[in-house]
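Worksheet: one structure, shown below.
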Number of protein chains: 2
Amino acid sequence: MPSSISMPAPPDRVTVVTIARQAGVASSTVSRALNGDTRISAATRARIAAIALELGYKPDALARTLSGGRSGLVGLVLGPVENPFYVAMLQEVVAQAARRGIRLLVLHLGAGAVEDETMEAVLQYRVDGCLVTSAQLSSRIADMCGSHGVPVVMLNRTTRLRASSVSCDNLEGATEITQFLLHEGHRRFALVGTDTSSSTALEREQGFTRALASAGLEAVRFSGGTSSWMGGYVAGEGIAALPPAERPHAVFAVSDIMALGVIDALRQNGLRVPQDVSVVGFDDIAEAARPTYALTTMSQPLVPMVRRGLDMLLARMEDPALPDEVTLLRGTLAVRGSTQARVVA
Amino acid sequence: MPSSISMPAPPDRVTVVTIARQAGVASSTVSRALNGDTRISAATRARIAAIALELGYKPDALARTLSGGRSGLVGLVLGPVENPFYVAMLQEVVAQAARRGIRLLVLHLGAGAVEDETMEAVLQYRVDGCLVTSAQLSSRIADMCGSHGVPVVMLNRTTRLRASSVSCDNLEGATEITQFLLHEGHRRFALVGTDTSSSTALEREQGFTRALASAGLEAVRFSGGTSSWMGGYVAGEGIAALPPAERPHAVFAVSDIMALGVIDALRQNGLRVPQDVSVVGFDDIAEAARPTYALTTMSQPLVPMVRRGLDMLLARMEDPALPDEVTLLRGTLAVRGSTQARVVA
DNA sequence: TTGAAAGCGGTACCAG
DNA sequence: CTGGTACCGCTTTCAA
């Protein structure tokens, strides 16, 4: 039966055999030549390369993997994208992975639990390694990867699990930004945190609280639930509802997205930022730089974090015996318009 | 050499052969049994299933694919995530794909061009189909997929390419929201568009312009560059700079994210929304519902769109001969606080 | 320097 | 109903 007009026959796959026949050599020779094996004469190598190019040969990644090689696949477990920080992270991971010839297999995205079938994909597709950001139940992924010799690197998340990690020095960062607030003359503080206890949020709270304690101060704590705009907004309403005498000079939110919610809530309730209340966050998401927010925040070194994370992962894909490693990177303070020095009354 | 303490030997892979030996049958029988082939006696099937379960057998997706089956992989090409709409889409795609047992291979993300190596991944990993959202150069992906018999479905993007698509009825939606504005008494309009000509933006502009034309009206056009908050902000500043006599009653932005930028710019310049100017968008991203914006917009039926898109893709993965198909879904008007009826002067 | 052949883990065809 | 076997595309000994 002749093929229909609208469906040009998908061209037959060009394989090592196709090339071997064309070149009049064995398929094994083709394989070696294309992989730059120096035992093959430069002449034959060149000839085979030429034919491969001409025929548009694309090695089958699956077959290659099956016969014992790497899959080139890295599993990706991504946190709640309601927080733009995770979106930025995703973007950076995708960009850098592409540059390194790594393919990303989406294993999970969002706040929910990682499903079982998802976990199985790690084995079924012979994923070489996993990149995990946040996710409450990431420990399950780490466990199963660990027991199957699949290296795992956590981004923006410290852990005691068998896995390596790269994250911002949250404790130090929170300390630094708190000291900045103290230096600016603020003496009454509010802390905006979450109900869920992610390592990230906890460390930041600690840094803040300790820095205050060193100055003999305490903060009132507000929680809006999750690390989201709405979470911050709810907390912000609570702060705005305080009697003027108890109103904080400055608010520290454990994430930028919450800080933005806080700012909106304060303004919605007639308070000015920074004139009445200074607000700071942590992350430095793109929205923080908008003129309407101009959020003072601790900027996470996103690009280096991802680079370091991929380096660590690739190294462990090469040599699975490498010991776990924890890297902390320092953030940098980004001072913008959401804070202002407090004139002593 | 004994294995080290920290590295428990990765357990040997459980294959059909492992099970076959355990059960005292041929591997082909195992394969059939596990695939529910009714020719195998219910008894043997049960027995094999039990052994498989006990041994924790996970069929190797790669081997299965190599021997002629589907890979279960769908390539994902995602648009600029600066626009939260694409993030929401990603989230929905991931969720629904997981539910259907489809694995997503990230091919691209962002505004940039799709790289060559990325395109090759489609063939190298034997991707069963591709899901494409936006992306200027998505045509290249579509081309190469088309010529290799890999079905493509475009989401939120109409096209004349060989590919199917699902999108919101942008023309109709823009018309409807414009008529709403007219009905509310607005007579002077501004249009906020982009420099890049995505089909989506163009159709929305058309719907708006035509609806106005039907009423004998015209709009001043502003462009802030890209479909982003900043793009909207820049356009908004232009609008705010107009002399009061020329100030529009209502602004139609081709996307929510731009509309938010417009609102912020107007307010930053002392104009009130909706009292001085009404603003509408298109998409209904989560941010639009924030009390601080309360954006009136055309809500895209995201969940049904994705469902329909996956349906179409799966159908074509089963039967590649299916003809291309274009589906338009109607959006629904979400009236919120960023618009207000204009009292006739 | 190159060829032949044996897998990798499944599926499917052909027998029996 | 079930077993044997070839094959998917590539890598990798083992020979020559």
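Residue numbers start from 1 in every chain, and the chains themselves are labelled A, B, ... in the order their sequence lines are given, proteins ahead of strands. Any value given below was found using the heavy atoms of this structure, including those in side chains, with hydrogens, waters and symmetry copies removed.
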Legend entry - Listed once per pair and sorted, the side-chain hydrogen bond (donor to acceptor under 3.5 Å, both in side chains) pairs that draw on residues 71-81 of chain A, sequence neighbours left out: A/Ser71-A/Asp128
Legend entry - Sequence neighbours excluded, every pair satisfying side-chain hydrogen bond (donor to acceptor under 3.5 Å, both in side chains) that has a member inside residues 29-40 of chain B: B/Asp37-B/Arg39
Inset, instruction - Ignoring hydrogens and angles, tell me if any N or O in the side chain of A/Asp60 forms a donor-acceptor pair with the backbone of A/Ala63 under 3.5 Å. - result: yes
Test of understanding: with side-chain contact (heavy atoms from CB on, under 4.5 Å), list the residues that count as partners of [X], not counting sequence neighbours.
{"X": "B/Arg99", "answer": "B/Ala95, B/Gln96"}
{"X": "A/Gln124", "answer": "A/Glu120, B/Lys58, B/Pro59, B/Ala61"}
{"X": "B/Ser167", "answer": "B/Thr158, B/Leu328"}

Inset, instruction - Remember a base hit wins even if backbone is also touched, and classify B/Thr44 as base, sugar-phosphate or nothing at under 4.0 Å, heavy atoms. - result: sugar-phosphate
Inset, instruction - Quick one: label A/Val30 by what it contacts on the DNA or RNA (base, sugar-phosphate, nothing), any heavy atom closer than 4.0 Å. - result: nothing
Inset, instruction - Provide, to the nearest angstrom, the distance between the CD1 atom belonging to A/Ile40 and the P atom belonging to D/dT11. - result: 13 Å
Legend entry - Distance, rounded to the nearest Å, where A/Arg45 contributes CZ and C/dT2 contributes P: 9 Å
Inset, instruction - Would you mind building the protein contact string for nucleotides 7-16 of chain C? One character per nucleotide, 5' to 3', B for base within reach (heavy atoms under 4.0 Å), S for sugar-phosphate only, - for untouched. - result: BBBBBBB---
